[in-house]
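This report refers to the structure that appears directly beneath it.
Given the structure is predicted, the values throughout are model-derived calculations rather than measurements.
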Amino acid sequence: MASVRRERADSIPGAGNTRARYRRILRFAGRYLAQTWWYELVLPRIGLAGVAERTRTKRLGRFAQRFHLLAVDLGGLMIKVGQFMSSRLDILPPEITKELEGLQDEVPPVPFPAIRALAEAELGMPLERAFAAVDETPVAAASLGQAHRAWLAPLDAAETGMDQVIFKVQRPGIDKIVDVDLAALRKVAGWLSRVRLVSDRVDMPALIKEFASTSLEEIDYLHEATSAERFAADFAGDDRMAVPAVVWERTTRRVLTLEDVTAIKITDAAALRAAGIDPAEVAPAFATVMFDQLFTNGFFHADPHPGNIFVTPAAHGAGGRPWKLTFIDFGMMGEVSTGTRRGLRKLLIAAASRDGKGLVDAMRDMGVLMPSAETTELERAMVQLFARFGGMGFAELRDVDPREFRDFAMQFGDMVRSLPVQLPENFLLIIRAMSLTSGVCSALDPQFNVWDSIEPYAAQLLREEGGNVVSDAAKQAMEMAGVVWRLPKRIDGILTQLEDGTLSVAIPSIDRRIDRLERTARRAVSALLFGALLVAGSRLRADDIVFGTVVLVASIIPLMHTLFSGRRS
């Protein structure tokens with residue numbers, strides 16, 4: 001079915017050669033997955049981890065540069081994938097995030113005649129009738145759409161109370177391009193799902209399903225207009241924020257017209273200071289507004305990059321706040337379920353109080369950790385993490401010796417990778433929103449420490465949660481009563497086993513370590529045998545091609561044992 005859609009899309013103007021596009025994405029992904037497999041899995045298992053370590057920085061930089069070029073050339077969802085990667089400062093190295101930062105704004109515009117043709121077909125009238133005037137130079141060119149400034153006719157302006165508007169039009173053929181890109185991403189997700197290191201930690205098909213749902217909503221401008229109005233209603237009367245009004249008479253599924261609310265870009269520090277606004281005051285205000293969306297309202301802006309937030313100075317003589325935050329572009333919105341929101345609130349409170357056990361409990365409540373997860377070691381890791389790095393801002397973390405992070409990762413890496421983890425609905429968007437929020441705040445104030453914003457907000461949440469203390473205590477009392485009620489039976493059962501001589505004691509951690517040592521020893525012998533055969537075959541081949549080739553082929557057997565004997569059945 002997907003191949004039929006791709007073939008049909010080949011003939012659609014603006015969609016380009018979608019079959020070639022599909023193959024190009026897969027070739028790129030396949031090449032770098034194979035390279036990563038070789039350097040990060042194969043070489044360390046045969047004793048060449050040093051080679052992988054020495055070349056990692058250069059390889060990551062080369063990958064980021066080539067993906068940047070691919071994304072700009074292809075556009076579509078590849079830009080969105082790159083934007084997401086650039087925001088993941090928490091898990092991706094700076095060689096990747098720094099290179100992909102420019103994807104936020106680096107998208108070539110579509111020629112205006114193509115924009116005009118699509119808009120007139122959607123609105124059912126010439127642009128000269130729809131608007132008094134339209135500026136053909138785009139205000140912004142994004143991966144999925146393009147925005148132009150326009151002016152409403154006098155009668156429309158009088159009726160709506162707006163004169164200047166922003167007229168946003170989809171890129172021609174983008175729906176077919178999105179369809180092809182999603183098909184390619186699903187294929188890559190299928191490949192990754194067969195890699196145990198990935199499948200044990202992330203449900204890739206579910207991740208792509210969520211990304212697909214968000215992407216399809218983003219190219220439906222009626223959905224975006226509805227989201228803008230809902231977002232405005234959530235913050236009605238809040239003098240910290242503003243949202244543009246929708247001109248419904250000039251809005252369709254592929255055309256969106258909004259009030260022009262252009263002001264100072266949130267990260268334009270020079271313009272903020274010129275307007276008498278201290279960027280260091282904007283950072284915590286922005287963080288708090290985003291916290292409210294995630295932890296209180298449950299409906300949040302999932303794409304708060306600098307191009308989507310303005311700082312609007314108050315009109316001269318107006319009372320109240322001297323400025324407000326104005327959000328635009330509501331194509332990527334997220335919704336947090338009540339259960340997940342409750343877990344997020346607990347997570348925030350635990351993080352603010354440096355409570356490692358509370359943090360793990362919150363992760364379990366949100367469904368991030370499966371019920372079967374053994375979390376004793378994770379709790380210990382979180383306690384140590386808070387003890388060493390808790391309360392540090394990004395600026396301070398940059399000064400920490402990388403060897404400390406590496407030692408911590410080596411100490412707890414195997415344990416974290418072994419945990420059964422799943423991502424709740426919309427969690428990808430939550431991570432994106434918080435990553436971008438942190439990046440914007442750090443750009444506004446290099447000394448910004450997210451803990452300074454989290455702690456007072458968490459204290460506020462604790463006060464709000466105070467009413468639940470009594471019910472929580474009652475629940476714990478009932479659980480304790482249940483334990484006490486069952487205790488005599490359990491003691492009686494243990495005594496019976498002791499009398500029968502059937503009681504056995506197992507120490508899983510020791511058993512696991514012995515098994516691991518045995519597997520390591522066997523792999524070490526195989527690795528040595530592989531190296532010996534490889535060197536011997538290479539030297540013999542110079543004198544005897546046939547015999548040398550046979551020895552080289554034979555070396556594959558101990559190599560396979562080295563690579564795969566450590567896998568658990």
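Remark: side-chain polar atoms of Arg253 are not paired, donor with acceptor, to backbone N or O of Glu122 under 3.5 angstrom. No donor-acceptor distance shorter than 3.5 angstrom exists from the side chain of Asp135 to the backbone of Ala150, with no hydrogens or angles considered. Checking side-chain atoms of Thr214 against main-chain N and O of Met332 turns up no donor-acceptor pair under 3.5 Å. A donor-acceptor pair under 3.5 Å is absent between the side-chain atoms of Ser143 and the main chain of Ile79, judged by distance alone. Checked by atom type and distance alone, the side chain of His68 never pairs as donor or acceptor with a backbone atom of Leu100 at under 3.5 Å. Using modelled atom types, no side-chain atom of Gln164 and backbone atom of Arg149 make a donor-acceptor pair closer than 3.5 Å. Judged by distance alone, the side chain of Gln146 and the main-chain N or O of Ala141 form no donor-acceptor pair under 3.5 Å. One N or O on the side chain of Glu259 and one on the backbone of Ala245 form a donor-acceptor pair closer than 3.5 Å. In this structure a side-chain-to-backbone donor-acceptor pair under 3.5 Å is present from Gln170 to Ile219. Distance alone, capped at 3.5 Å, is enough to place a donor-acceptor pair between the Thr160 side chain and the Asp156 backbone.
Between Asp220 and Arg254, none of the side-chain N atoms (NZ, or NE/NH1/NH2) sits under 4.0 Å from a carboxylate O, so this pair counts as no salt bridge. Between Arg21 and Asp181, at least one side-chain nitrogen of the basic residue sits less than 4.0 Å from a carboxylate oxygen of the acidic one, meeting the salt-bridge criterion. Salt bridge annotation for Lys346-Asp361: absent, with no cationic side-chain nitrogen under 4.0 angstrom from a carboxylate oxygen.
The minimum heavy-atom distance linking Ala184 with Leu26 is given by the pair O-CD2, 3.6 Å. Of all heavy-atom pairs between Thr437 and Ala287, the closest is CG2-CA, 4.1 Å. Between Tyr32 and Arg62, the shortest heavy-atom distance links the atoms OH-O, 4.3 Å.
Atom CG of Asp234 is separated from atom CZ of Arg230 by 6.0 Å, given to the nearest 0.5 angstrom. Going from atom CZ of Phe167 over to atom CG of Leu256 covers 10.0 Å, rounded to the nearest 0.5 Å. In this structure, CD on Gln65 lies 8.0 Å from CG on Leu69, to the nearest 0.5 angstrom. Taking CG of Leu144 as the reference point, atom CD1 of Ile174 lies at 5.0 Å (rounded to 0.5 Å). Rounding to the nearest 0.5 angstrom, the gap separating the CZ atom in Phe211 from the CD1 atom in Ile208 is 7.0 Å.
Remark: Arg321 qualifies as a cation-pi partner of Trp323 under the 6.0 Å distance and 45° angle criteria applied to the six-membered ring.
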- Message: Would Asp179 and Tyr22 count as a side-chain contact (heavy atoms from CB on, under 4.5 Å) here? Give the steps.
- Response: CA-CA 10 Å; Asp179 188 41; Tyr22 179 81; over 6 Å; no
- Task: Step by step, work out the salt bridge (charged side-chain N to carboxylate O under 4.0 Å, His left out) result for Lys168 and Glu224.
- Result: CA-CA 11 Å; Lys168 184 175 171 182; Glu224 179 175 346; 3.2 Å; yes
- Query: Run the salt bridge (charged side-chain N to carboxylate O under 4.0 Å, His left out) check on Asp238 and Lys324 step by step: do they pass?
  - Reply: CA-CA 10 Å; Asp238 190 330; Lys324 62 177 61 179; over 6 Å; no
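A side-chain donor-acceptor contact under 3.5 Å links Thr312 and Thr326.
Classified by interplanar angle (parallel below 30°, tilted 30° to 60°, perpendicular above 60°), the ring pair His301/Phe231 is perpendicular.
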